[in-house]
Amino acid sequence: MSSAPRTATERTKLPYCHESFHNLQELRHSASLANKVFIQRDYTDGTVCKFQTKFPSELDSRIERTLFEDTVKMLNNYYAEAEKIGGQSYIEGCLACLTVYLVFLCIETRYDKVLKKISRYIQEQNEKVYAPRGLLITDPIERGMRVIEISVYEDRGSSGSSSGSSTTSSSGR
Amino acid sequence: MNNREYQQIDPQALATPPPEHMPKRARRRWEVFPGKNRFCCDGRVMVARQGGVLPLTLALILITSGLFFVFDCPFLVEHLTSCIPAIGGVLFVFVIISLLQTSFTDPGILPRATPEEAADIEKQIDNPTGSSSSYRPPPRTKEVVINQQVVKLKYCFTCKIFRPPRTSHCSLCDNCVERFDHHCPWVGNCVGKRNYRFFYTFIVSLSFLTAFIFGCVTTHLALRSQGGNGLVFALQASPFSFTFSTALELVVCFFSVWSILGLSGFHTYLVAANLTTNEDIKGSWSGKSGNEDVGNPYSYNSIVKNCCSVLCGPMPPSLIDRRGFVPSDDSVQTSPVEIELPAAKNNRNMVGRAVTSGRPPPPPPPPVVTLQQPDISIQSHSTA
């Protein structure tokens, strides 16, 4: 059970919050999954990573609109920061060019650093805001940065869990 | 019920030792990757399925450069300057490293949609046409306005996603690639968002290298023929290996210079205009039907800014997580366990399958302490 999908940690190798992560794992395995809501990308600004802030109707009864919008806007800000073309990215780019891009093998790029920040933010949001409401956000990087997947859990007993979990996990990750 | 099934597995597992010990390891994601790529070094290195002519490209570069360093450099160092092998060496290193990076880097492959995602998209597509009685194929394009331009996003039937802008599906690699430029057989990989800068460095440094070698070989021949009584006499006096290597270098470099230099020039134009080869060939933004309003919505309308964003922009991460482990899901464990009860004969197969999932069947779920929290908070929500 402890080797359960370590998708977020596999990518970010977070050194803390094992207990709270374990609680989220319990939520996944003990509650039954009712639905998954997908927040699609917003391409009106081009190819930069940005998600739609439109509030999905399926979450109407589960979470306040403002909390949801704040989460999505914060994520959009993080992605904008990662993809910003400015002074630091030019320096990184020129240095990389001079070293035939071998520097990418040695240092952690700014994008990677921001992705770790995003992962920590999503973890924190899940613990504080979403898990108490029976929801769980999946980091967009696990879905190819195409969607923000929000899993909606029903608060039934454990007897319903095997059928619920089999429908969810047949899809895999 | 779960406990009884767990106990049934145990004695069977003890009775059949050989098959269960072998397939215990968890699999990495690259092993179950649906595209047509090939992976080496446990997922660290990836290439397209058809290696293309990458070995030929490498051979041509290595042989020509090798001949240059062996036959021409000593003479030129003696008669001209010792900078020549230094410059040649730097260019050679640039070429080889950028070639390997172009070939082995993930070009920006988009992972395929999970089944739930695909179902969600299908639902959204079917809804508007659900009321019509006659069969009409659901629309498979979505329109989005980018920078006052209408851009059509197409649905990819293989990957089951609406392709983001500038993304295209490569039929050779069977993947959707972001900012797809083209599939290059010479490097044996697609050229896309993540490896375009490596590709550009490769062709620019290769054009410099071929031009440099061509110039040096020509200079070498000129110097030799000056010493003797003309070119033909100089060649006759030299060993056959020298003549052969010179001829080979000249032929390879002559043809390469024109083609690679042309390609570099073309890609420099693309970089300055923030276009991809794919868009340029299709004429997406060239206003082919006489429509004056069409223009590239992704361009910053400044050559410097376009170049910087394409070549010096932040390096996006790989989205396919090749070395991650495939999670052994509950369904892989529950389905063999459920089948086991009615079919006692298949016990051995089920044991093999249950074990190949990499995990023993789970114990019964723990008491659901966490569930009480959602109960309370949801009740408070509904009353509020």
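Order of the sequence lines sets the chain letters (A, B, ...), proteins ahead of strands, with each chain counted from 1.
The heavy-atom pair separating B:L319 from A:G144 by the smallest distance is CD1-O, 3.5 Å. Scanning all heavy atoms of the two residues, the minimum distance from A:Y111 to B:P314 falls at CD1-CB, 4.2 Å.
Within a 6.0 Å radius of CD1 in A:I107, other residues, nucleotides and ligands contribute more than 12 heavy atoms. Counting non-hydrogen atoms of neighbouring residues, nucleotides and ligands closer than 6.0 angstrom, the NZ atom of A:K113 exceeds 12 such neighbours.
Note: B:Q101 CD to A:L105 CG = 6.5 Å, rounded to the nearest 0.5 Å. In this structure, CZ on A:F104 lies 9.5 Å from CZ on B:R194, to the nearest 0.5 angstrom. From A:T47, atom OG1 reaches atom CD of B:E178 across 8.0 Å, with rounding to the nearest 0.5 Å. Interatomic distance, A:Y43 OH to B:K142 NZ, rounded to the nearest 0.5 Å: 7.5 Å.
For residues 66-75 of chain A, heavy-atom neighbours of chain B at less than 4.5 Å comprise no residues at all.
Proximity to chain A (any heavy atom under 4.5 Å) is restricted, for B:T201, to the side chain, taken from C-beta onward. Residue B:F94 touches chain A through both its backbone and its side chain, counting heavy-atom pairs closer than 4.5 Å. With a threshold of 4.5 angstrom between heavy atoms, A:V147 approaches chain B through side-chain atoms but not through N, CA, C or O. For A:Q40, the part lying near chain B is the side chain, with the backbone staying farther off; criterion is any non-hydrogen pair under 4.5 Å. Using a 4.5 Å cut-off between heavy atoms, B:A119 does not touch chain A at all. If you measure heavy-atom distances from A:T109 to chain B, the contacts under 4.5 Å come from the side chain alone. Heavy atoms of A:L95 lying under 4.5 Å from chain B are absent altogether. Heavy-atom distances place the side chain of B:Y300, and not its backbone, under 4.5 Å from chain A. Contacts between A:A82 and chain B at a heavy-atom distance below 4.5 Å involve the backbone alone (N, CA, C, O). Of the atoms belonging to B:R112, it is backbone heavy atoms, and not side-chain ones, that fall under 4.5 Å from chain A.
Side chains of A:T44 and B:I146 form no contact here, defined as non-hydrogen atoms less than 4.5 Å apart. Two residues are said to be in side-chain contact when any heavy atoms from C-beta on lie closer than 4.5 Å; A:R143 and B:T114 meet this criterion. You'll find the side chain of B:L311 stays beyond 4.5 Å of the side chain of A:C97, heavy atoms only.
Contact tally against chain A (heavy-atom pairs below 4.5 Å) for B:V144, B:I161, B:N147, B:L110: the top residue is B:I161.
Side-chain atoms of A:R146 come within 3.5 Å of backbone N or O of B:P111 as a donor-acceptor pair. Remark: the backbone N or O of B:M315 is not paired with any side-chain donor or acceptor of A:E92 at under 3.5 angstrom.
For the residue pair B:S98 / A:Y101, no side-chain donor-acceptor distance below 3.5 Å is found, with atom types taken as modelled.
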